Amino acid sequence: MKKIGFLNFGHWTDSPHSQVRTASDALLQSIELAVAAEELGADGAYFRVHHFARQLASPFPLLAAIGARTTRIEIGTGVIDMRYENPLYMAEDAGAADLIAGGRLQLGISRGSPEQVIDGFRYFGYAPAEGEEPADMARRHTAVFLEVLRGQGFAEPNPRPMFPNPPGLLRLEPHSEGLRERIWWGRPRTPPPAGRGSRACTS
């Protein structure tokens, strides 16, 4: 059974001939495009992630907004560069967006591709450990991301918390059951660590 969808880079330019002249235009039109695609019967709406460029860069607010405006279409990324990501914060954002969308996220992630600036991930506060390549750091971030998406507790609770805690170690919230099985790796020949349940896609 075949499915059809689209991948949007979200370019904008201030050219007088462009209908997408600002970041606001790109974001709002991307939402409307996904809504229209669902109405026409398309199966998927996917968005590229590029930093330091006049393109879509921060996917989760956009995915959450599309999730709130649609009911059926799959929504996701193709792909998120894991060199730039805090895997725990990403797990929270992804969990929230997936819950808003009713479990329709399909996240493509990657070890990275050519970018607009030299070692742009360093400006985000991330650097490979000694002896690591940037791609190794991306895989390390991915391993943590996939592990916390399991929903198992790992953090020691405060004995005097602001709010009552459930028993045992605490997990990240919000947790979206099943999201971990909808993570796609952008390099088929380089599977992610702990890759059971993760699938490959081309970036």
Side-chain angles (χ1 to χ4, degrees), residues 5 7-11 23 26 30 44-64 66 74-98 101 104-152 154-155 171-176 178-203:
L7 175 64
N8 180 18
F9 281 60
H11 294 281
S30 292
Y46 297 90
F47 300 90
R48 196 70 169 90
V49 180
H50 279 133
H51 301 289
F52 298 104
R54 291 186 173 187
Q55 301 174 35
L56 300 174
S58 180
F60 294 109
L62 176 60
L63 297 176
I66 293 171
E74 288 183 352
I75 53 179
T77 54
V79 289
I80 297 172
D81 186 338
M82 293 301 290
R83 297 175 299 178
Y84 285 79
E85 295 298 324
N86 177 318
L88 274 68
Y89 193 73
M90 180 177 169
E92 290 182 342
D93 278 353
D98 196 45
R104 289 181 283 132
L105 256 60
Q106 299 278 348
L107 295 181
I109 61 177
S110 171
R111 66 181 179 176
S113 59
E115 52 184 334
Q116 299 300 109
V117 300
I118 297 171
D119 290 347
F121 48 85
R122 294 183 185 274
Y123 294 100
F124 278 55
Y126 304 114
E130 186 175 353
E132 262 191 338
E133 294 294 326
D136 299 323
M137 178 177 67
R139 295 186 190 98
R140 175 164 49 84
H141 288 179
T142 298
V144 175
F145 177 62
L146 292 176
E147 183 60 32
V148 298
L149 285 182
R150 293 181 186 276
Q152 302 300 313
F154 62 91
R171 69 183 186 185
L172 288 178
E173 301 290 356
H175 173 69
S176 185
L179 175 58
R180 190 187 182 282
E181 305 307 313
R182 288 178 272 115
I183 307 298
W184 299 68
W185 184 249
R187 301 287 182 180
R189 296 179 183 177
T190 314
R196 285 171 50 183
S198 300
R199 296 163 286 183
C201 69
T202 55
S203 59

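Everything quoted here is computed from the prediction, not taken from an experiment.
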Any donor-acceptor pair under 3.5 Å linking the side-chain atoms of Tyr46 with those of Gln106? no

Looking only at atom types and distance, does a side-chain atom of Asp119 sit under 3.5 Å from a main-chain N or O of Arg122, one as donor and one as acceptor? no

Are His141 and Tyr126 close enough that their ring centers fall under 6.0 Å? yes

Closest non-hydrogen atom pair, Ala91 against Leu149: CB-CD2, 4.0 Å

If you measure from CZ on Arg140 to CZ on Arg83, what distance do you get to the nearest 0.5 Å? 13.5 Å

Could you go through Phe145 and Glu85, starting from their C-alpha distance and side-chain angles, then the distance that decides it, and tell me whether this counts as side chain to side chain contact (heavy atoms under 4.5 Å, CB included)? CA-CA 9 Å; Phe145 177 62; Glu85 295 298 324; over 6 Å; no

Output for pair (Thr142 OG1, Glu147 CD), nearest 0.5 Å, gives 13.0 Å

Asp81 and Ser113: which non-hydrogen atoms are nearest, and at how many Å? OD2-N, 4.1 Å

Show, in sequence, the C-alpha distance, side-chain angles and deciding distance for Glu173 and Arg171, and conclude whether the salt bridge (Lys or Arg N to Asp or Glu O under 4.0 Å) test is met. CA-CA 6 Å; Glu173 301 290 356; Arg171 69 183 186 185; 2.9 Å; yes

Are more than 12 heavy atoms from other residues, nucleotides or ligands located less than 6.0 Å from atom OH of Tyr89? no

Is a side-chain N or O of Arg180 found less than 3.5 angstrom from the main chain of Leu146, in a donor-acceptor match? yes

So CZ of Phe9 and NE2 of His50: to nearest 0.5 Å the spacing works out to 5.5 Å

Once you round to the nearest 0.5 Å, how far does OG1 of Thr77 lie from CZ of Phe47? 10.5 Å

Quick check: His51 with Phe121 (ring centres under 6.0 Å apart)? no

Any side-chain donor near an acceptor of the partner, Ser30 and Asn8, under 3.5 Å: yes

What is the minimum heavy-atom distance between His11 and Ala26, and which atoms define it? O-CB, 4.4 Å

Look up atom CE in Met90 and atom CG in Leu107, then write down how far apart they are to the nearest 0.5 Å. 6.0 Å

Look up atom CG in Leu105 and atom CZ in Phe60, then write down how far apart they are to the nearest 0.5 Å. 7.0 Å

For Val148 and Pro87, which heavy atoms make the closest approach, and how far apart are they? CG2-O, 4.4 Å

Between Ile109 and Val79, is there a side-chain heavy-atom distance shorter than 4.5 Å? no

Report, as yes or no, whether the 6.0 Å neighbourhood of atom OH on Tyr123 holds more than 12 heavy atoms from other residues, nucleotides or ligands. no

For Ile80, does its backbone N or O pair with a side-chain atom of Ser110 as donor and acceptor, under 3.5 Å? no

Salt-bridge criterion met for Glu74 and Arg182 (N-O under 4.0 Å): no

Salt-bridge contact Arg111-Asp136 (side-chain N to carboxylate O under 4.0 Å): no

Trace of the side chain to side chain contact (heavy atoms under 4.5 Å, CB included) decision for Leu56 with Val49: CA-CA 6 Å; Leu56 300 174; Val49 180; over 6 Å; no

